[in-house]
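What follows is one structure encoded as structure tokens, with my remarks underneath.
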Amino acid sequence: MDVKVEKEGQTVILTLHGRVDSAVAKGFEDAVLGGFEDGNKVIIDFSTLDYISSAGLRVILMAAKRLKASSGALHLCGMKPHIKEVFDISGFSSMLSIKENRAEALKGL
């Protein structure tokens, strides 16, 4: 798993590549939660992610809660159908803001 971090204005954009599973969950958590500040707007781009496990979902949920508590915002985007299905089955799709692509996610912030 690789995480590319970009900044566009006040928005932090994390692009995930590869697989997020229990073997890399701690590194994923550090990468995702490490760059947040109060009031941050964050987009996580899944367009190059091939797999996410429940350990990865837990990190996403932690990020959403932390951002909400600090008046920030989180949008997820670019999910391949099988990744979106994981979010749908777990119920995360109804709890999180999921956009079709990065442009839509940026407009929504």
Partners passing side chain to side chain contact (heavy atoms under 4.5 Å, CB included) against [X] (at least two apart in sequence or in another chain):
X	value
Asp2	His17
Glu104	Lys99, Glu100, Asn101
Ala64	Leu74, Leu96

*asked:* Within a 6.0 Å radius of atom NZ on Lys80, are there more than 12 heavy atoms belonging to other residues, nucleotides or ligands?
replied: yes
_Looking at Glu6, I'd like to know if its CD atom is crowded, meaning that more than 12 non-hydrogen atoms belonging to other residues, nucleotides or ligands lie closer than 6.0 Å._
yes
Taking the side chain as C-beta and beyond, is there a heavy-atom pair between [X] and [Y] under 4.5 Å?
X	Y	answer
Leu16	Asp45	no
Leu76	Ile60	yes
Lys7	Ile13	no
Tyr51	Val20	no

*For residues 61-81, which residue pairs qualify under ring pair (Phe, Tyr, Trp, His ring centres under 6.0 Å), counting only residues two or more places apart or in two chains?*
none
Rounded to the nearest 0.5 Å, how far apart are [atom1] of [X] and [atom2] of [Y]?
X	Y	atom1	atom2	value
Leu14	Phe28	CG	CZ	8.0 Å
Lys4	Thr48	NZ	OG1	9.0 Å
Cys77	Ile44	SG	CD1	9.5 Å
Leu57	Met62	CG	CE	12.5 Å
Ile43	Arg102	CD1	CZ	7.0 Å
Lys41	Leu106	NZ	CG	11.0 Å

*Apply side-chain contact (heavy atoms from CB on, under 4.5 Å) to Met79 and Ile98, showing your working.*
CA-CA 8 Å; Met79 291 183 183; Ile98 300 175; 3.9 Å; yes
Give me the atom names and distance for the closest heavy-atom approach of [X] to [Y].
X	Y	value
Arg19	Val24	O-CG2, 3.6 Å
Ala25	Val59	O-CG2, 4.1 Å
Val32	Ala63	CG1-CB, 3.8 Å

*With no hydrogens and no angle check, is any side-chain donor or acceptor of Asn40 less than 3.5 Å from a backbone partner on Val42?*
no
*Under the salt bridge (Lys or Arg N to Asp or Glu O under 4.0 Å) rule, collect the residues that match up with Lys84, sequence neighbours excluded.*
Asp88
_Checking Phe87 now: which residues fulfil ring pair (Phe, Tyr, Trp, His ring centres under 6.0 Å) with it, not counting sequence neighbours?_
Phe46
